[in-house]
Each structure stands twice: as structure tokens, then as C-alpha cells.
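Report on one structure; see the data block that follows.
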Amino acid sequence: AEQLLIDAQSSAFVVQLFGSHSEKSAQTFIQENKSKANQLLNYQTEHQGKPWFVVLSGPFESREVAKKSVEKLPAKLRKQQPWVRSIEPIQALLRAR
């Protein structure tokens, strides 16, 4: 998943759906929410000095396409206020490791 994020166009966007200090929680979230319409990816970073596991949907070619994908998410995921964000900072983080 991390390689797919690195290889994406730097102008792409993703939708951040979930973050947790628990890798198991992130994997459970993916298993419970994956579908053919939702490609879920994850990567590890650090938050407050601890490992942080992030689950994303995407990548999408533009912010507008990413926002439209949010509208198509199941209601329970939309309630979690997904965050549309540029992929570029994620790529920089992953490449720096």
C-alpha cells in the first residue's frame, strides 16, 4: 500500500478515513469497510511520539474527485468526517523513511 502511495502522481488527493495508535485497529477498520468501490490503503507514521496507523481511500486525480468519492461512502464513514488531503506530504514522509 505504501508503494502505491509513493508511485501515485504528486498532484493526487486521498481521503483520510481513520487513524489509530493500534495497527490491529487499522487492519480491522480496513476489513470491515473495504469494498470494490472503496480501495483502502494504509501507511504508518508517528503521532505524539508513537506509531500512528492511517487508513486512506484513493488516490484520486483531483480534490473534486476525492470529494465526490466521500459523498459515495456509506453513511457510517461519512459521519466520521473524512478528510480530503493532498498526497504530496504523505509521499514526502514515506520517501524520507
Side-chain angles (χ1 to χ4, degrees):
E2 289 185 358
Q3 192 61 49
L4 196 128
L5 293 167
I6 290 169
D7 293 343
Q9 292 291 324
S10 62
S11 59
F13 286 81
V14 293
V15 178
Q16 185 166 321
L17 299 168
F18 183 81
S20 174
H21 289 292
S22 165
E23 184 175 17
K24 184 176 180 181
S25 293
Q27 292 302 324
T28 299
F29 180 88
I30 290 170
Q31 291 303 314
E32 290 176 353
N33 294 288
K34 70 180 178 180
S35 71
K36 290 180 182 172
N38 266 346
Q39 178 180 8
L40 299 182
L41 306 169
N42 65 313
Y43 73 96
Q44 181 180 341
T45 186
E46 194 173 286
H47 180 65
Q48 297 176 344
K50 298 183 215 169
W52 185 250
F53 301 91
V54 180
V55 178
L56 307 167
S57 178
F60 301 98
E61 64 186 42
S62 68
R63 182 179 294 278
E64 292 73 31
V65 173
K67 284 181 178 181
K68 286 182 182 179
S69 79
V70 170
E71 295 168 8
K72 296 176 185 175
L73 290 172
K76 74 176 189 171
L77 292 180
R78 287 193 317 269
K79 281 184 182 179
Q80 294 182 333
Q81 300 178 333
W83 175 27
V84 174
R85 59 185 292 204
S86 170
I87 199 169
E88 205 167 16
I90 298 166
Q91 290 174 322
L93 176 108
L94 294 174
R95 286 183 182 125
R97 287 198 285 157

If I take atom [atom1] from residue [X] and atom [atom2] from residue [Y], how far apart are they, to the nearest 0.5 angstrom?
X: L5; Y: L94; atom1: CG; atom2: CG; result: 6.0 Å
X: F18; Y: L77; atom1: CZ; atom2: CG; result: 11.0 Å
X: T28; Y: E23; atom1: OG1; atom2: CD; result: 10.5 Å
X: L93; Y: Q44; atom1: CG; atom2: CD; result: 10.0 Å
X: L41; Y: K34; atom1: CG; atom2: NZ; result: 12.5 Å
X: S22; Y: W52; atom1: OG; atom2: CH2; result: 10.5 Å

For this session: For salt bridge (charged side-chain N to carboxylate O under 4.0 Å, His left out), just list the numbers for E71 and R78, CA-CA rounded to whole Å, side-chain angles, deciding distance to a tenth of an Å, and then say yes or no.
Result: CA-CA 7 Å; E71 295 168 8; R78 287 193 317 269; over 6 Å; no

Problem set entry | Q27 atom CD, over 12 foreign heavy atoms within 6.0 Å |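 Yes - once you tally the heavy atoms of other residues, nucleotides and ligands closer than 6.0 Å, there are more than 12.
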
Problem set entry | Residue Q80 excluded, over 12 heavy atoms near CD under 6.0 Å |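 Yes, the 6.0 Å shell around CD holds more than 12 heavy atoms from other groups.
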
Please find the pair of heavy atoms, one from [X] and one from [Y], that lie closest to each other, and give the distance.
X: S10; Y: S86; answer: O-OG, 4.4 Å
X: Q16; Y: L56; answer: CA-CD2, 3.6 Å
X: P59; Y: I87; answer: CB-CD1, 4.0 Å
X: V65; Y: F60; answer: CG1-CD2, 3.8 Å
X: Y43; Y: T45; answer: CE1-CB, 3.9 Å
X: L40; Y: S57; answer: CD2-CB, 4.1 Å

Under 3.5 Å, is there a donor-acceptor pair between the side chain of [X] and the main chain of [Y]?
X: H21; Y: F53; answer: no
X: R85; Y: F13; answer: no
X: Q91; Y: I6; answer: yes
X: E61; Y: A12; answer: no

Exercise. Is the shortest heavy-atom distance from the side chain of W83 to the side chain of V15 under 4.5 Å?
Worked result: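 Side chain of W83 against side chain of V15, heavy atoms only: no contact under 4.5 Å found.
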
For this session: Side-chain contact test, heavy atoms from C-beta onward, threshold under 4.5 Å: evaluate it for V84 versus V14 and give yes or no.
Result: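 No, every pair of side-chain atoms sits at 4.5 Å or beyond.
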
Exercise. Do the side chains of L4 and V55 join up, straight or via other hydrophobic residues, at under 4.5 Å, putting them in one cluster?
Worked result: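 No, because L4 and V55 fall into different hydrophobic clusters, even though each may have its own neighbours under 4.5 Å.
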
Exercise. Are F29 and V70 co-members of a hydrophobic cluster defined by side-chain heavy atoms under 4.5 Å apart?
Worked result: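 Yes, V70 connects to F29 through the hydrophobic network.
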
